[in-house]
Amino acid sequence: MSQNGNLLNYVNGAWQKSSAGNYGKVLNPATAEVLSNVPLSPGSEVDVAVQAANKAFGEWRRMPVGDRIQFLFKFKNLLETNLDAIARTITNEAGKTYNESVGEMRRGIENVEVACGMPVLIQGINNEDIASGIDEHMFRQPLGVVAAITPFNFPGMIPLWFLPYAVATGNCFILKPSEKVPMTSQKLFELINEAGFPAGVLQLVNGGKETVDALLDHPSVRAISFVGSTPVAKYIYSRATANGKRAQCQGGAKNPVVIMPDADMDTTTRIMGDSAFGCAGQRCLAASVAITVGEAKNSFTEAMADVATSRKVGYGLDSGIQMGPVITNESKTRIENLINVGAQEGANVLVDGRNHTVGGYEDGYFIFPTILDNVKIFGPVLSLMHANTIDEAIALVNNRAYGNMACLFTSSGSAARKFRYEADAGNVGINIGVAAPMAYFPFSGWNDSFFGDLHAQSRHGVEFYTQTKVVVERWPQEWSRQF
Ligand code: NAD
């Protein structure tokens, strides 16, 4: 929802014009065209939203969970019927292909479906006669007002990693989406409005650092969910927890994939093409380093170069396009500089994606698939490293700060088991290029890819958004009227 091209916030059940003095520009990365202006909302607007959420919380938490999820069922149906429009919005502001945009929404919608199972998921535990005549129960109760701060690369899916669990468990939720891609959230909130959630239960406040800091410092915000780059994840985690809040902060990644010589190279390179170059390499689960073992060095390298050069790059709404632009001109320059540095430091630029343009989209922020061979650093393009044994390859996998994902391609069960057991990463793939946990599992980043205890999605989401209350009770017969 916008007024004269300026996006609105959704606060207390209505679209509201921000009083922001500053607006950012939302650009289509394929065309560099300005799509809208996004308000960088001041802290005072966060306070208004938190107060509305606090007010709504009293009734929302008392509503039976079976009634709360009826709003999510409506929301899920609206997401299905509006899938095409949402996917087009994602492609236009984030640059991914139409199919990638539909794919991310499917993964997001799964989370709404899982949260619709909240009447079962939220059940507590109990013991009768924990001591003689004494029963003990554990209930899960909502926290109150919670908030999420989300990144540019999955504008539809990532808000849905949090929002459905937060409200199904009885909390009131505030979203601060990435100011680079705020238009997808506008679409989500148009549907939230249509689904009829009570005022104050779900709110959208656009903005940047000042808006985030107001959420981190507000005494009534009880929990913060964050996804973005590692330096910001660390900052948010420390500031939120210093203020006594729960925090789950997912950070950046550079994901290694090990290729054994016995892997089926056709399948492996096809899957690796999607992992490394899908979503223009901007997935947090993109393969960024391929580590070949033994003779895979030759067979994989050649086939992978073919896959990279044949990928069709362009505007994501045009048919047959397999890869869109990167998000901003600054990202394009930064990635090109990293390739330059890699080349200067002795890497062989096997496939060079620099200095290409797409006809009709000369202003777009395009970088074509790039492969650097023999690099000693992890880069934002597919880098190749070579090992002699699986132990050497696993040592390379584990010798890094991040731990979002590690994958192995092989036809050997024992190599697969060894890798699964020893890889130092929270999401592991065997013959899988993007090991993204489905909504029924937690999204388990480790090390510098995650700060906190409980991850996004599924049961972790339920635990994160609830506090446990244990009740110990005794009802001696002699105290009650006898029947
Ligand atoms: P980012 O860290 O720049 O921004 C993320 C959010 O934080 C945005 O909403 C932004 O407004 C806010 N923000 C940015 N700087 C801030 C500051 N100094 N203080 C307070 N708030 C601030 O990330 P991005 O560029 O939007 O997203 C890409 C990053 O996200 C990549 O590093 C990617 O790997 C990571 N990511 C991780 C996962 C995961 O599951 N671990 C998933 C998706 C993306």
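Order of listing sets the numbers, starting from 1, for every ligand and every atom in it.
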Is any side-chain heavy atom of [X] closer than 4.5 Å to a side-chain heavy atom of [Y]?
X: Phe368; Y: Val358; result: yes
X: Met272; Y: Leu382; result: yes
X: Pro442; Y: Gln457; result: no
X: Tyr98; Y: Arg88; result: yes

Report the part of [X] in contact with ligand 1, treating N, CA, C, O as backbone and CB onward as side chain, heavy atoms under 4.0 Å; options are side chain, backbone, both, neither.
X: Tyr235; answer: side chain
X: Arg283; answer: neither
X: Lys180; answer: side chain
X: Phe226; answer: side chain
X: Trp161; answer: side chain

Measure the distance from [atom] to every protein heavy atom, then report the residue, atom name and distance (to 0.1 Å) of the closest one.
atom: atom 24 (P) of ligand 1; value: Phe152 CD2, 3.5 Å
atom: atom 18 (N) of ligand 1; value: Lys209 CD, 3.8 Å
atom: atom 22 (C) of ligand 1; value: Val232 CG1, 3.6 Å
atom: atom 11 (O) of ligand 1; value: Glu179 OE1, 2.6 Å
atom: atom 2 (O) of ligand 1; value: Ser229 OG, 2.6 Å
atom: atom 34 (O) of ligand 1; value: Gly252 CA, 3.4 Å
atom: atom 12 (C) of ligand 1; value: Ile149 CG2, 4.1 Å
atom: atom 35 (C) of ligand 1; value: Gly228 O, 3.0 Å

(request) State whether the shortest distance between N or O atoms of Pro151 and N or O atoms of ligand 1 falls below 3.5 angstrom. (result)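 In this structure, Pro151 places no N or O atom under 3.5 Å from an N or O of ligand 1.
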- Query: Backbone or side chain, does any N or O of Thr230 fall under 3.5 Å from an N or O of ligand 1?
  - Reply: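 Min N/O separation from ligand 1 is not below 3.5 Å for Thr230.
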Any protein heavy atom nearer than 4.0 Å to atom 4 (O) of ligand 1 |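 No, there is no protein heavy atom closer to it than 4.0 Å.
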Looking at every non-hydrogen atom in both residues, tell me the closest pair between [X] and [Y] and how far apart they are.
X: Ile327; Y: Val181; answer: CD1-CG1, 4.1 Å
X: Asn111; Y: Leu160; answer: CB-O, 3.1 Å
X: Asn153; Y: Gln282; answer: ND2-O, 2.8 Å

task: Using modelled atom types only, decide if a donor and an acceptor are shared between the side chain of Asn404 and the backbone of Cys284 within a distance under 3.5 Å.
output: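 Judged by distance alone, yes, a pair lies under 3.5 Å.
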As a check for students: among [options], identify the option with a heavy atom nearest to [atom].
atom: atom 40 (O) of ligand 1; options: Lys176, Glu210, Gln250; answer: Gln250
atom: atom 20 (C) of ligand 1; options: Thr211, Asn255, Val212; answer: Val212
atom: atom 36 (N) of ligand 1; options: Cys284, Gly445, Ser178, Gly24; answer: Cys284

Atoms of ligand 1, numbered as shown, that sit under 4.0 Å from any heavy atom of [X]:
X: Asn153; answer: 43 (C), 44 (C)
X: Phe443; answer: 40 (O)
X: Val227; answer: 5 (C), 36 (N), 37 (C), 38 (C), 39 (C), 42 (C), 43 (C), 44 (C)
X: Asn404; answer: 39 (C), 41 (N)

* Atom CZ of Phe441 with >12 non-hydrogen neighbours under 6.0 angstrom ->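 For Phe441, atom CZ is not crowded (no more than 12 foreign heavy atoms under 6.0 Å).
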### Query
Applying the side chain to side chain contact (heavy atoms under 4.5 Å, CB included) test to Val167, which of Val146, Leu72, Ile69 qualifies?
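So, applying the side chain to side chain contact (heavy atoms under 4.5 Å, CB included) to Val167 and each of Val146, Leu72, Ile69, only Leu72 qualifies.
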Subject >> Phe154 touching ligand 1 at heavy-atom level, < 4.0 angstrom >> reply: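 Phe154: no contact with ligand 1 (<4.0 Å).
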Under 4.0 Å, counting heavy atoms only: does Ile158 come that close to any atom of ligand 1?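 Under 4.0 Å: yes for Ile158.
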- Item | Nearest-0.5 Å distance that lies between atom CE in Met105 and atom CG in Asn82 |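 Between atom CE of Met105 and atom CG of Asn82 there are 9.5 Å.
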- Query: If you measure only the distance, is there a donor-acceptor pair under 3.5 Å linking the side chains of Gln250 and Ser449?
  - Reply: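 The answer is no; no qualifying pair exists.
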- Message: Could you walk me through whether Lys418 and Ile394 satisfy the side-chain contact (heavy atoms from CB on, under 4.5 Å) test, starting with their C-alpha distance in whole Å, then the side-chain angles of each, then the deciding distance to 0.1 Å, before giving a yes or no?
- Response: CA-CA 9 Å; Lys418 179 181 174 66; Ile394 291 175; 4.2 Å; yes
Query raised in the report: Quick one: does NZ or CZ of Lys245 land under 6.0 Å from the six-membered ring centre of Tyr237, within 45 degrees of the ring axis?
Result: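 Ring-cation test returns no.
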Qualifying residues under ring-ring contact (aromatic ring centres under 6.0 Å, His included), relative to His460, sequence neighbours excluded
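His455.
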